[in-house]
Novice: 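Input: one structure, supplied below.
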2 protein chains.
Amino acid sequence: MVMGRPRSFDTDKALDEAMEVFWRHGYDGASIAMLTKAMGIKPPSLYAAFGSKEGLLKAALDRYAQRRSEHMRFVLAGATARDVAERFLGSIAESHTDPANPPGCLLVQGGLACGAGSENIPFELATRRAQTETELRERFLQAKQIGDLPAEADPASLARFLSTVASGMGVLASSGADREALREVARVSLQAFTGSRSP
Amino acid sequence: MVMGRPRSFDTDKALDEAMEVFWRHGYDGASIAMLTKAMGIKPPSLYAAFGSKEGLLKAALDRYAQRRSEHMRFVLAGATARDVAERFLGSIAESHTDPANPPGCLLVQGGLACGAGSENIPFELATRRAQTETELRERFLQAKQIGDLPAEADPASLARFLSTVASGMGVLASSGADREALREVARVSLQAFTGSRSP
DNA sequence: TGACTTATCTACCACTCGATACAAAAGTTG
DNA sequence: CAACTTTTGTATCGAGTGGTAGATAAGTCA
């Protein structure tokens, strides 16, 4: 079999650049011109590799999920439900204010509302946000069965609460809030788990 | 003085339609064609009345703030800090799932990230979101002085927490969550105030 | 080397974007 | 009525949109 001319750019490297553009400008706000410039390639190369603008976003989202899955492995390894919650919100506070990335969360910044022809983008992002909530819910369900969470606790509610706070922290970070501000939000949020007031 | 030809459309009515378009599609996703069609006017009328697309958004945001100010008056009139928090999150759960409007919050949906030429839109929305947080903070400061909140409580943190949860609820609602889901998030969030676990 | 396959580049497609020039229309004021 | 002022609709502006056709370059395999 013949191989043909090899690709002259690093797909993952290009995806990282595209991810940053989507992150900073949203799906609608990211033009092909911006993306190709950041990726260091021309439009035909982009379309040959990713099919369409939407295909490029999905590839970038896959890469984003891959990154975050490492964090989530650490989060879900917390000893108790309270530990898991603390690790989760802590990692969100860190990652959403990581100077190596645009502020906030790609799954929120990417586009909650889009224009004509991009109607399925918000759904795509929502589906991926829901993934994290599911992981937390299953972890809390397990904690409840073990007895780590009281019988009256609702794993689904707790997971949705944490996921919602994480989205809110994404919005907060996108407007320039610093890491300490997000940490404070995390601290207050954790009182829903501890049942004690802040010191 | 001469009056000239009178405007043939109702400005507030047109603003309500424009608000809905911005709400549903975001600033970048809302085209002039979509806006003028929804408003029932032609581009020259839009530009004569509002100056620019950004001017139209600001006018719509003013009208949005006007609507919400009534809710906030009720919220801030709560007897205790806990009452205020409960009223706040409750009103958010209602308004963000009001079938009369697009789901979520205009100040979040409107645009967290925008394209070239719209860089100041996210800042504009963030400024208006911060307004609500300030109102809550001042109300909690007052509660602390009265002794309604303990001396160790941090009004700024509590206000930021509630504001963040509200933004998160906006994201949640935008992805199709129903009113009951938002109410549950509110219920869990309130435990940060009560210091008791959920039943 | 030369056939074959794939990637890349230049140039461009039809279309939509936000915004406007211009003239006709509709009202007030003398 | 006529003079004046502002709004309205048509028609369009230049720039930018996502996406692609066709030629050329760069590699592998015989």
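Order of the sequence lines fixes the chain letters, A, B, ..., with proteins taken first and strands second; residue numbering starts at 1 for each chain.
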Novice: Taking any heavy-atom pair under 4.0 Å as a contact, classify B:Phe50: base, sugar-phosphate, or nothing.
Specialist: nothing

Novice: Does B:Ser45 place a side-chain N or O at less than 4.0 Å from the phosphate oxygens OP1/OP2 of D:dT7?
Specialist: no

Novice: If you check every side-chain atom of A:Tyr47, which of D:dT10, C:dT20, D:dT20 has the closest atom?
Specialist: D:dT20

Novice: If I compare all heavy atoms of A:Tyr64 with all of A:Leu106, which pair ends up nearest, and what's the gap?
Specialist: OH-N, 3.4 Å

Novice: Touch check for B:Ala116, heavy atoms < 4.0 angstrom, all strands: base, sugar-phosphate only, or nothing?
Specialist: nothing

Novice: Could you give the CZ-to-C1' distance, from B:Phe22 to C:dG18, as a whole number of Å?
Specialist: 12 Å

Novice: What's A:Pro44 touching, base or sugar-phosphate or nothing? Going by heavy atoms closer than 4.0 Å.
Specialist: base

Novice: Once you round to the nearest 0.5 Å, how far does SG of A:Cys114 lie from CD of A:Glu119?
Specialist: 8.5 Å

Novice: Among C:dC17, D:dG19, D:dG9, which nucleotide has an atom closest to any side-chain atom of A:Ile32?
Specialist: D:dG19

Novice: Do the side chain of B:Arg5 and the base of C:dA25 come within less than 3.5 angstrom through a donor-acceptor pair of N or O atoms?
Specialist: yes

Novice: Output the single nucleotide from D:dT8, D:dG19, C:dA19 whose closest atom is nearest the side chain of B:Arg7.
Specialist: D:dT8

Novice: The side chain of B:Met3 lies closest to which of these nucleotides: D:dT7, C:dT29, C:dC17?
Specialist: C:dT29

Novice: Which pair of non-hydrogen atoms, one from A:Ala173 and one from A:His96, has the smallest distance, and what is that distance?
Specialist: CB-O, 3.5 Å

Novice: For B:Pro6 and B:Ser31, find the nucleotide of DNA chain C closest to each by heavy atoms; which residue's nucleotide sits nearer the 5' end?
Specialist: B:Ser31

Novice: How close do A:Ala60 and A:Leu15 get, heavy atom to heavy atom, and via which atoms?
Specialist: N-CD2, 3.7 Å

Novice: May I have the distance from A:Asp28 (atom CG) to C:dG18 (atom P), rounded to whole angstrom?
Specialist: 11 Å

